[in-house]
Structure formats: C-alpha cells, structure tokens
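Heads up: the structure comes next, in structure tokens.
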Amino acid sequence: MTPPQASPPGTPASGETLPAVSLRLETLKKRADFQRAARARRVAMTGFILQMYKRPDGDAQGMRVGYTCSKKVGNAVARNRAKRRLREAARLVLTHQGRDGVDYVLIGRRDHTATLPFDKLRADLETALRKLHGPAR
RNA sequence: GCGGAAGGCCGGAUGGCCGCGACGUCGGGCAACCGGUGUCGAGGAAAGUCCGGACUCCAAAAAGUAACGGUGCCGGGUAACGCCCGGGCAGGGCAACCUGACGGAAAGCGCCACAGAAAUGAAACCGCCAACGGAGAGGUCGGGCAACCGAAACCGCCCGCGGGCAAGGGUGAAACGGUGGGGUAAGAGCCCACCGCGCCGCUGGCAACAGCGGCGGCAUGGCAAGCCCCACCGGGAGCAAUGCCAAAUAGGGAUCGCGUGUCGCAAGACAGGGCCGCUUUUGCCCCAGCAGAUCCGGGUUGGCAGCUAGAGCCUGCCGGGCAACCGGCGGGCAAGAGGAAUGGUCAUCGAACCGGAGCGAUUCGGGGAACAGAAUCCGGCUUACAGGCCUUCCGCGCAU
RNA sequence: GCUGCUGUAGCUCAGGGGUAGAGCACUCCCUUGGUAAGGGAGAGGUCCGGAGUUCAAAUCUCCGCAGCAGCA
C-alpha cells in the first residue's frame with residue numbers, strides 16, 4: 001500500500017500555514033487508510049462524525065477525504081444520498097479550510113445526514129474542523 | 001349518475017449557476033497530469049435471488065443407465081422455463097370476469113389421533129324381525145256367585161338359545177352410493193325410475209374432453225405439498241467465475257496414489273494404468289523418484305481484461321396466426337462505475353394532503369411527491385409502491 | 001455481487017402431522033440461626049410473518065421478513 005515516494009527532506013511538511021490556497025481533494029480508497037483514521041482524533045456532529053489523521057512528515061503531500069456510510073445509515077438510497085451530501089459539503093468547505101498532508105474521514109449517521117438542511121451540514125463541518133485544528137498541536 | 005371487472009401507460013416538470021463518472025476531441029506538458037469543449041449518464045420494479053438461459057471454468061462430447069432433484073389436464077409459443085397464449089374441467093360471482101401444484105389411490109406399502117360397536121375385502125353396540133324353548137304378573141280364553149283357580153290358541157311384555165337384517169340411533173373430518181316407490185317376517189340394488197359411479201360402443205375434437213346410446217348393479221372412503229408408480233426435463237460450480245501482468249514470501253509441511261512391462265540406439269509404438277457416479281465410443285494424460293490429487297501453513301489484499309451491440313428494446317407498414325408469437329421492409333434508442341458516477345443550490349410551475357370562505361361549481365392560504373439506486377448480461381416470476389391518466393366491458397338507476 | 005445456514009419459554013436447545021417439552025433462570029413453600037446447595041409446588045409461548053395442502057400444521061409446500069456465516 002502507498003509506497004513512500006520520499007519527498008525531498010528539505011521541504012517543510014506543514015500545510016497548516018496556507019489555508020487560503022484551494023487544495024485538490026483526493027478520495028481515500030484503501031481499507032488500511034480508513035482504519036488508521038478510525039484510531040485518530042474525531043468529533044461528532046448531528047449530521048456526521050469527522051475523523052482527522054495527520055500523516056507523518058515526509059509522506060506524500062495532498063489532502064485526502066474518505067466517506068463511510070454503513071448499513072446502519074439505512075437502505076441503499078439513504079446511504080448513497082448521505083454520501084453525496086457529505087461529498088458536496090467536503091467540496092465546498094475542505095478545499096478552503098482543509099490542511100495539506102491530512103486524511104479526513106466523514107461518517108454518515110442514520111436519518112440526520114440525509115435530511116439535515118444543507119446549510120446546517122456545511123456549518124457543522126466548519127465547526128468540526130475548527131475543533132480539530134484548534135487544540136491539536 | 002352510482003357500483004364493479006379487465007387491459008395498458010405515467011410515476012414530478014422546465015431553466016440558470018457550481019460540481020461528479022465515461023467516451024470523443026482540441027491545447028499545454030518528456031510524462032504523471034492540467035485546462036477547454038461536445039455527447040451520453042438509474043428503474044418499473046434497478047429489489048428478492050425464486051426459476052430459465054447466454055458466458056467462463058471443472059479436459060471435451062455423444063449414447064445408455066443408476067441414484068438424486070425438478071415439473072405435472074391438453075395443445076401451441078419460445079433459445080429455454082416452474083413463463084406466456086388458447087382450449088378443457090372444477091370452484092366462485094346476478095354479470096363483466098376471477099381462481100385452481102389440475103397425472104395415477106380397482107401396482108404396492110404406510111397413516112387416519114380423540115370419539116365411536118366399527119376407520120376399510122368389513123363387523124354388529126343399541127336396535128329391528130320371524131321361529132323355537134321358558135315364564136304366567138296383564139289383556140285374553142276356560143271354570144266359579146265371588147275371592148280365586150286353571151290354560152297357553154291369540155295380543156303385548158319379560159327371560160333364554162341359535163338365526164335373519166343393517167332401515168333407524170349415536171360418534172366422528174370421514175361410516176361401503178343418494179332420493180322416491182315397490183317389495184319383505186324385518187330388511188337390503190333384492191327390484192324399478194331419476195341422479196351419481198364404472199365399463200363398452202358411436203359421433204365431434206390433433207388432444208384434454210364433451211354429447212348420445214347401451215350395459216353393469218355398487219365393486220371404487222381420504223391423504224401422493226407420505227413413500228411411491230407413470231411421463232418429461234436436468235452433469236457441477238459460478239463474473240468475488242475465469243485469464244493475464246506486477247509485487248511479495250520459507251516454493252515449506254502432511255496424507256493418499258503410482259510404484260511399470262515388451263519392442264527400440266533414440267524418437268516413439270503396443271500393453272497397462274488414470275481422467276466429469278457407472279458402462280461404451282471418440283479424445284486426453286502418465287511411465288518417474290516422480291508427476292498427480294486433497295488438506296494445512298505462508299505471501300499479496302495492486303493493476304488490466306472479462307465489461308457491455310444482444311435470442312436487445314421501442315415503433316410504423318405489410319403478411320401468417322383466435323392469441324401468445326413468427327416472418328419481411330423501414331425508423332429510432334441503447335449507463336458502464338469499481339470505497340463504486342446522477343449531487344448541491346436558486347427560480348417558475350406543480351399532485352396528494354391540511355386549514356378558511358361558499359348550498360355548490362370554485363376560490364384563498366399552507367404544503368412540496370410513493371416504493372426505491374444499475375454492479376456480467378438477457379427472458380420470466382414474485383414482492384414493495386403516494387397519486388394520476390387512457391381504453392374496453394358488466395350490473396343497477398334515470399332519460400329517450 | 002454470489003452462495004449457504006438458522007429463527008420454538010427470559011437464555012441454551014429438543015420435538016419433522018394428532019393436547020408444545022427439557023435444562024438453566026424466575027415466583028412461592030420446606031429445610032437452616034442465616035445464606036448457598038437440596039426437596040416440593042407454580043407461572044411463563046402470535047412455535048419469525050402471511051397464504052396453501054390436510055379432518056388436523058411448530059412439523060409438509062409456496063411467498064415474504066430478520067439474523068449469521070462463507071467466497072476475490
């Protein structure tokens with residue numbers, strides 16, 4: 001999985017100083033990445049649970065996002081809809097406020113992810129990001 | 001107008017902005033890729049995975065057969081089906097129409113609890129009947145004025161013995177044809193009529209079957225979604241199949257099987273052995289310290305193909321057919337993801353539903369769409385589903 | 001996606017056409033100074049749901065609904 005591409009040792013691996021630059025979103029696909037994020041810091045909101053894993057310095061650059069909607073969320077329609085709304089929220093928020101070198105995982109919740117007003121969902125994501133970015137040091 | 005039956009269709013619409021997936025194309029870049037642009041992008045059930053196929057692998061195929069499984073009125077349609085169409089029969093409905101796992105119980109085995117006399121070649125609990133024997137309280141007969149005594153031909157009762165009968169009773173889901181009449185000691189298909197049943201013949205039909213006639217004289221209780229018999233069909237596994245590339249690990253261990261002939265220098269040939277349950281035929285493999293089978297352990301949880309044009313769907317005309325469907329000519333449509341694309345938002349219009357006004361047509365405000373998301377692909381079935389539209393038909397009521 | 005298996009008392013399971021059972025747990029009583037163990041008595045069921053076959057279905061058949069497992 002993800003062979004290390006050995007970024008130049010001189011590069012400062014801090015994406016934390018450039019929040020205004022819009023970053024490309026890469027989708028998380030490997031099971032191992034999800035499991036690693038699941039052990040990391042998290043914050044729960046009404047519409048979702050956000051997990052954030054800071055990859056070690058020297059790893060590949062770029063921000064990655066994963067989405068998880070298990071069978072607990074509902075049937076196939078509810079799961080897909082929840083995933084799409086999370087994806088749209090991530091596109092609007094994380095491209096501006098996300099950080100480089102970080103894996104985010106958004107987990108859908110039963111009933112709320114698919115029905116919450118989108119503005120609320122988006123605002124919650126911003127709040128959750130502040131909580132995770134703030135005290136983490 | 002009210003109530004109902006059948007078949008078919010739709011199942012939110014239009015537009016703007018920002019995004020997503022696939023393919024094509026243009027530009028930039030050595031390349032990874034980036035940017036622009038065009039086209040296409042969920043369903044009637046995409047679902048359940050219940051049937052049938054295509055396709056792939058198990059080495060391939062044919063014939064027969066055993067076991068196992070499936071189907072089950074008849075005929076047709078189809079690549080095939082447990083599907084569809086038409087017909088028959090049975091049941092339901094006033095009708096339109098609907099429903100039906102609908103072969104065989106006189107090949108065999110098995111089961112039929114409880115109750116009941118008896119649960120299937122009948123038997124006989126209560127009961128019915130005549131004869132015989134007994135008894136002698138009643139009627140009766142004889143005697144006597146009467147109390148009473150006696151008799152046993154008749155009527156009825158009681159007891160006994162061996163017979164005849166199965167109509168009636170009661171039990172049960174079911175009791176060895178039903179109803180009526182004759183008949184008899186009492187009864188009984190014992191006889192007769194009708195109905196049912198069975199057999200035979202004729203007619204109609206490809207057939208299931210129907211109609212008519214004759215005969216039999218009741219023999220044939222139910223269950224085959226119990227075993228079974230008969231007819232027909234079926235090899236197994238599944239796209240996470242399967243093939244290829246790359247990476248990685250210790251090419252590890254255990255069990256089973258063969259242990260090998262003749263000719264030939266050899267190649268090979270012939271025996272022999274093995275290979276989808278078995279047999280046969282064709283075919284393929286083996287002859288070595290090995291190759292084979294099964295299992296355990298270890299590694300990888302990457303990429304590409306399979307992967308979307310096929311018995312395809314829709315439709316116009318013509319032809320065949322009652323129809324399902326088939327044939328011909330023409331037109332149109334047709335997603336291909338892979339942690340898995342259809343989303344977000346705004347505007348306009350909007351069905352159900354809720355509230356107000358009105359006798360009502362209607363109108364004002366609120367509200368903002370059911371079940372549900374392609375995962376190899378087709379044909380069906382089944383299940384879920386707010387609401388709406390169209391066509392045909394039936395019954396009742398009113399008018400003519 | 002594909003393929004299997006299982007649903008019976010609070011829990012673990014029997015029963016495979018004829019009145020629903022066992023063990024543990026629960027309630028009450030006995031025993032003990034008290035508790036456990038032991039003994040006795042008792043309560044507890046839409047047999048996952050709906051149709052069908054049958055006189056009769058937890059059992060046989062069909063259609064659903066849940067839960068669990070396996071397969072790259």
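First the proteins, then the strands, lettered A, B, ... as listed; each starts at 1.
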Quick one: look up who [N] pairs with, Watson-Crick or G-U, both distances under 3.5 Å, and put none if it's unpaired.
{"N": "B/rG170", "value": "none"}
{"N": "B/rA107", "value": "none"}
{"N": "B/rG177", "value": "B/rC195"}
{"N": "B/rG142", "value": "B/rC149"}
{"N": "B/rG310", "value": "none"}
{"N": "B/rA135", "value": "none"}
{"N": "B/rG327", "value": "B/rC318"}
{"N": "B/rC349", "value": "B/rG12"}

Whole-Å [atom1] distance, [N] and [M]:
{"N": "B/rA5", "M": "C/rG50", "atom1": "C1'", "value": "26 Å"}
{"N": "C/rG21", "M": "C/rA43", "atom1": "C1'", "value": "16 Å"}
{"N": "B/rC304", "M": "C/rC5", "atom1": "C1'", "value": "37 Å"}
{"N": "B/rA334", "M": "B/rG41", "atom1": "P", "value": "6 Å"}
{"N": "B/rG373", "M": "B/rC20", "atom1": "C1'", "value": "16 Å"}
{"N": "B/rG76", "M": "B/rC81", "atom1": "P", "value": "13 Å"}
{"N": "B/rG8", "M": "B/rC346", "atom1": "C1'", "value": "39 Å"}
{"N": "B/rG103", "M": "B/rG86", "atom1": "P", "value": "22 Å"}

Indicate, with a heavy-atom threshold strictly under 4.0 Å, whether [X] touches base, sugar-phosphate, or nothing.
{"X": "A/R81", "result": "sugar-phosphate"}
{"X": "A/L92", "result": "nothing"}
{"X": "A/T68", "result": "base"}
{"X": "A/R122", "result": "nothing"}

Answer yes or no: is there a side-chain heavy-atom contact under 4.5 Å between A/L28 and A/V65?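 Side chain of A/L28 against side chain of A/V65, heavy atoms only: no contact under 4.5 Å found.
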Measure the distance from [atom1] on [X] to [atom2] on [N] and round it to the nearest whole Å.
{"X": "A/N80", "N": "B/rC20", "atom1": "CG", "atom2": "P", "value": "18 Å"}
{"X": "A/N75", "N": "B/rG48", "atom1": "CG", "atom2": "P", "value": "11 Å"}
{"X": "A/D119", "N": "B/rU345", "atom1": "CG", "atom2": "C1'", "value": "9 Å"}
{"X": "A/K83", "N": "B/rU342", "atom1": "NZ", "atom2": "P", "value": "11 Å"}
{"X": "A/E26", "N": "B/rC20", "atom1": "CD", "atom2": "C1'", "value": "16 Å"}
{"X": "A/L121", "N": "B/rU345", "atom1": "CG", "atom2": "C1'", "value": "14 Å"}
{"X": "A/R85", "N": "B/rC20", "atom1": "CZ", "atom2": "P", "value": "19 Å"}
{"X": "A/E88", "N": "B/rC346", "atom1": "CD", "atom2": "P", "value": "12 Å"}

Using only atom types and a distance under 3.5 Å, with no angle test, would you say the side chain of [X] pairs donor to acceptor with the backbone of [Y]?
{"X": "A/R64", "Y": "A/V102", "value": "no"}
{"X": "A/Y104", "Y": "A/L94", "value": "no"}
{"X": "A/T113", "Y": "A/G47", "value": "yes"}

Quick check for you: among B/rC18, B/rG344, B/rG373, whose closest atom lies nearest to any side-chain atom of A/R91?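 Among B/rC18, B/rG344, B/rG373, the one nearest the side chain of A/R91 is B/rC18.
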What is the minimum heavy-atom distance between A/M52 and A/L132, and which atoms define it? CB-CD1, 3.7 Å
Between A/E88 and A/R91, does at least one N-O distance fall below 4.0 Å, as a salt bridge requires?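 Here A/E88 pairs with A/R91 in a salt bridge, since their nearest N and O are under 4.0 Å apart.
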Is the shortest distance from a Lys or Arg side-chain nitrogen in A/D33 or A/R36 to a carboxylate oxygen in the other one below 4.0 Å? yes
With the 90 degree cut-off around zero defining syn, does [N] come out syn or anti?
{"N": "B/rG189", "value": "syn"}
{"N": "B/rA309", "value": "syn"}
{"N": "B/rG319", "value": "anti"}
{"N": "B/rG350", "value": "anti"}
{"N": "B/rA42", "value": "syn"}

For B/rG19 and A/R84 - does any side-chain N or O of the residue sit under 4.0 Å from the phosphate oxygens OP1/OP2?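 So the side-chain polar atoms of A/R84 never come under 4.0 Å of the phosphate oxygens OP1 or OP2 of B/rG19.
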Ring-base stacking, A/Y67 with B/rG339 (5.5 Å, 30° cut-offs):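 It does not: the two rings, one from A/Y67 and one from B/rG339, miss the stacking criterion.
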Considering heavy-atom distances to RNA chain B, does A/F118 or A/C69 have its closest nucleotide positioned more toward the 5' end?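 Comparing both residues, the 5'-ward one is A/C69.
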For A/R87 and for A/V77, find the nucleotide of RNA chain B with the closest heavy atom, then tell me which residue's nucleotide is more 5'.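 Final value for this comparison: A/R87.
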Is the NZ or CZ atom of A/R87 both under 6.0 Å from the centre of the six-membered ring of A/Y67 and within 45° of that ring's axis? yes
